[in-house]
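By convention in this document, chain letters (A, B, ...) are assigned in the order of the sequence lines, proteins followed by strands, and residues within each chain are numbered from 1.
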There are 4 protein chains.
Amino acid sequence: MARPKSEDKRSAILAAAMRVIVTQGLSAPTAVIAKEAGVANGTLFTYFETKTDLLNELYLDLKREMAAAALKGFSPEGESRKQYFQVWTNWMAWAVAHPKKRRALALLGVSDEITSKSRAAGHKAMAPMRELLERVHSNGAMRDAPTGLFMAMMNAAAEATMDYMALDKAHADKHCRAGFEALWRMIG
Amino acid sequence: MARPKSEDKRSAILAAAMRVIVTQGLSAPTAVIAKEAGVANGTLFTYFETKTDLLNELYLDLKREMAAAALKGFSPEGESRKQYFQVWTNWMAWAVAHPKKRRALALLGVSDEITSKSRAAGHKAMAPMRELLERVHSNGAMRDAPTGLFMAMMNAAAEATMDYMALDKAHADKHCRAGFEALWRMIG
Amino acid sequence: MARPKSEDKRSAILAAAMRVIVTQGLSAPTAVIAKEAGVANGTLFTYFETKTDLLNELYLDLKREMAAAALKGFSPEGESRKQYFQVWTNWMAWAVAHPKKRRALALLGVSDEITSKSRAAGHKAMAPMRELLERVHSNGAMRDAPTGLFMAMMNAAAEATMDYMALDKAHADKHCRAGFEALWRMIG
Amino acid sequence: MARPKSEDKRSAILAAAMRVIVTQGLSAPTAVIAKEAGVANGTLFTYFETKTDLLNELYLDLKREMAAAALKGFSPEGESRKQYFQVWTNWMAWAVAHPKKRRALALLGVSDEITSKSRAAGHKAMAPMRELLERVHSNGAMRDAPTGLFMAMMNAAAEATMDYMALDKAHADKHCRAGFEALWRMIG
DNA sequence: CATGAATGAGCGTTCATTCAT
DNA sequence: GATGAATGAACGCTCATTCAT
């Protein structure tokens with residue numbers, strides 16, 4: 001089958017795109033991404049039909065990686081607070097460990113290049129976390145507020161905490177806990 | 001060129017930029033913005049030296065308008081909770097009344113075209129709110145968390161509430177209060 | 001109204017396109033055409049929205065010029081043979097005097113970039129000649145053959161004669177007459 | 001590489017090229033031709049060094065096939081008119097039976113990718129017809145016109161007749177004869 | 001100052017051809 | 001020999017900015 005499409009090259013392109021996007025934004029030329037990945041200009045297009053496709057796949061890739069990191073070791077048993085604290089801690093740890101990926105994800109998340117299909121798939125990767133939170137919601141202080149508002153508040157708190165942890169890495173752990181406590185006061 | 005002739009034209013361009021950005025994103029051509037403003041292509045550049053300048057000024061403009069709306073009728077006396085509830089209500093009302101402006105502001109906020117100088121100036125417009133919140137912070141449940149984290153959480157909650165109100169306008173008032181209650185539980 | 005669109009520039013581009021197409025074919029880069037016309041790359045697109053538009057307008061332009069040359073001094077009175085001989089002579093003279101234009105027209109004529117609308121408009125420019133020929137047809141040796149076949153034969157004879165005249169310019173006049181005689185034997 | 005292994009593959013590529021060119025023009029990608037032929041992208045280049053080579057060989061192939069069809073059963077004896085009518089009829093029949101091949105040949109014929117060498121070889125395939133016509137020429141009405149003009153006129157008439165037959169297949173036979181009569185009036 | 005044509009760098013994508021498998 | 005991924009030059013077109021009118 002001749003030279004098979006190389007999974008390595010594919011991920012090299014995705015990784016390069018991530019790095020380049022962080023420094024140059026989503027308008028980074030595909031040529032720059034290709035060069036950063038160490039492949040020829042045209043090769044990028046044998047792995048991704050269009051730039052938009054590349055961006056969408058990168059979005060999903062990062063979203064899935066983030067979800068996997070957050071849900072690492074997660075089992076849907078035990079006390080909700082403890083469970084969620086574990087997830088929260090994983091999540092924050094990933095965010096602090098991969099600031100570039102988080103930045104790229106943020107840029108992609110607000111771009112209108114990302115299709116609703118990609119967004120839905122990204123959502124799905126977070127499903128276990130969402131289920132856990134639904135349990136929290138229905139028993140907690142916000143039980144009378146709509147789920148959508150509840151989720152939005154939770155997400156917002158998470159993003160804010162990540163931002164702050166990144167800003168003051170030295171006390172990241174402390175901020176992680178403080179963020180969680182604040183959140184739990186709100187929703188618990 | 002500090003004060004070009006027609007202040008009307010200037011604001012027409014800013015308003016046009018806002019409208020166009022909402023539908024086309026930040027990459028909207030200056031030619032389109034100019035046409036939407038009813039002026040010639042080149043005229044835009046006698047009012048704003050570069051497109052980046054235009055975006056920065058629009059950012060500040062919107063930020064200031066938003067701050068003014070939120071702080072309408074604000075006087076730094078009285079009980080913090082009541083004061084802040086008033087501000088919060090104003091703020092949410094503005095957001096719901098001007099979804100396009102909020103959308104444009106959101107796009108601008110994450111763009112790397114916006115300089116830190118603009119961001120600082122935008123910050124400044126919110127100073128009275130910040131001062132009020134600092135009082136809340138030093139006496140409230142998050143008094144041991146850093147101000148930055150505190151502010152980030154508050155902002156995040158506000159954005160989340162706005163989003164949700166926009167999504168379900170019929171019960172906007174209810175969500176406005178629910179968001180505030182949740183926030184206050186966290187920070188009060 | 002600022003710099004008005006310059007009719008000169010427009011025709012410079014059309015003329016340049018004609019020249020370039022003759023040497024490089026229809027796939028000649030727009031950049032080359034622009035340079036040949038002495039304008040910037042982008043300027044070409046303020047006069048012609050797309051390359052296809054440029055090609056279509058060039059086609060029409062040449063077709064009209066050719067028709068005008070052939071029909072110069074034509075009045076629909078007098079004996080058909082004499083009339084048509086005059087047209088034929090004009091036509092051949094134009095073809096020999098403007099071999100590049102004829103070559104460009106030939107290339108454009110077989111291209112599928114040229115729309116049926118352009119072809120129809122080109123046809124229209126030849127209408128007076130067509131009418132004259134219809135008279136010839138209905139009274140001549142081919143009166144029982146369909147008009148379409150008649151016209152095709154006439155056109156083919158014209159093209160063949162032009163080709164041969166171009167090949168042997170020294171005796172162009174003689175070939176012009178020989179071609180006409182042959183044609184007339186066929187259709188007269 | 002003069003005679004690569006599979007003659008089948010070679011003709012599959014040529015046939016595919018013909019089909020693809022008819023629908024997509026001469027700028028059809030080699031990749032598309034290869035796929036249509038059921039071979040890999042690169043395989044095409046083991047049978048034809050360059051795309052230009054492929055086009056030239058296709059041109060010759062078609063030209064030869066056309067000549068063979070026209071000359072089927074031809075023997076250089078008997079009355080010229082009868083002989084040529086036979087050839088003409090064969091020729092027209094082939095054209096009507098293989099409109100795609102004729103279309104491809106037409107596209108190739110006007111392309112500047114086709115070398116003069118290929119054109120000369122194509123010419124050669126028609127030699128017997130040409131010899132017959134030379135006899136007609138030297139005794140016919142055009143005996144005083146140069147051979148080149150004579151041949152051009154004959155070819156033009158043939159093309160025109162083919163075009164018209166293809167347009168109105170129902171009466172193809174009639175048009176075939178009408179075309180011949182017209183031609184013979186001109187040259188006979 | 002207003003206008004809009006002029007400019008040319010820059011971009012996403014294509015495709016003939018090469019070459020590793 | 002067959003395959004199809006790799007290559008990179010090339011192209012049509014866009015658009016921020018300049019400048020003649």
(request) Write down the distance between NZ (C:Lys5) and C1' (F:dT21), rounded to a whole number of angstrom. (result) 16 Å
Atom pairs under 3.5 Å, N or O on each side, protein against nucleotides 9-12 of chain F: can you list them with distances?
{"residue": "F:dG12", "atom": "OP1", "partner": "C:Lys51", "partner atom": "NZ", "Å": "2.8"}
{"residue": "F:dG12", "atom": "OP2", "partner": "C:Thr30", "partner atom": "N", "Å": "2.8"}
{"residue": "F:dG12", "atom": "OP2", "partner": "C:Thr30", "partner atom": "OG1", "Å": "3.1"}

(request) Measure from NZ on D:Lys35 to C1' on F:dA5 and round the result to the nearest Å. (result) 15 Å
(message) With a sphere of 6.0 Å drawn around CZ of D:Arg103, does it hold more than 12 non-hydrogen atoms of other residues, nucleotides or ligands?
(response) no
(message) By nearest atom, which of the nucleotides E:dT7, E:dA20, F:dT3 is closest to the C:Thr46 side chain?
(response) E:dT7
(request) Mind checking the CD1-CG spacing from A:Ile21 to A:Leu54? Nearest 0.5 Å is all I need. (result) 6.5 Å
(request) With rounding to the nearest 0.5 Å, note down the distance linking OG1 in C:Thr30 to CD1 in C:Ile13. (result) 10.5 Å
(request) Using atom CZ of A:Phe48 as one end and atom C1' of F:dA6 as the other, report the distance to the nearest whole Å. (result) 15 Å
(message) Do the side chains of A:Glu113 and A:Lys51 get close enough for a salt bridge, i.e. N-O under 4.0 angstrom?
(response) no
(request) Using whole Å, report how far CD1 of D:Ile33 lies from C1' of F:dT3. (result) 18 Å
(request) Between A:Leu44 and B:Thr52, just flag the one whose closest nucleotide in DNA chain F comes earlier from the 5' side. (result) A:Leu44
(message) Just verifying a value: how many Å separate C:Asn56 CG and C:Leu108 CG, rounded to the nearest 0.5 Å?
(response) 8.5 Å
(request) Answer yes or no: is there an ion pair linking B:Glu57 with B:Arg64, defined by an N-O contact shorter than 4.0 Å? (result) no
(message) Pairing check on F:dC13: which nucleotide meets the Watson-Crick or G-U wobble criteria with it, both distances under 3.5 Å?
(response) E:dG10
(request) May I have the distance from A:Ile13 (atom CD1) to F:dA6 (atom C1'), rounded to whole angstrom? (result) 11 Å
(request) Whole angstrom is fine here: how far is it from CG in A:Leu55 over to C1' in E:dC11? (result) 14 Å
(request) Round to a whole Å and report the spacing from CD of A:Glu7 to P of F:dA5. (result) 13 Å
(request) Establish, with yes or no, whether the OP1 or OP2 oxygen of F:dG1 is under 4.0 angstrom from a side-chain nitrogen or oxygen of D:Tyr47. (result) no
(message) So, does A:Lys9 get its side chain near the phosphate of F:dA6, meaning an N or O under 4.0 Å from OP1 or OP2?
(response) yes
(message) Counting C-beta onward and ignoring hydrogens, is there a side-chain heavy-atom pair between A:Leu55 and A:Tyr59 closer than 4.5 Å?
(response) no
(request) Please report, rounded to the nearest Å, how far the P atom of E:dA20 is from the CG atom of A:Asp8. (result) 18 Å
(message) Going by purine N1 to pyrimidine N3 plus the second Watson-Crick contact, or the G-U wobble pair, all under 3.5 Å, which nucleotide sits opposite E:dA20?
(response) F:dT3
(message) Please confirm whether the shortest side-chain N or O distance from C:Thr43 to OP1 or OP2 of E:dA5 is below 4.0 Å.
(response) no
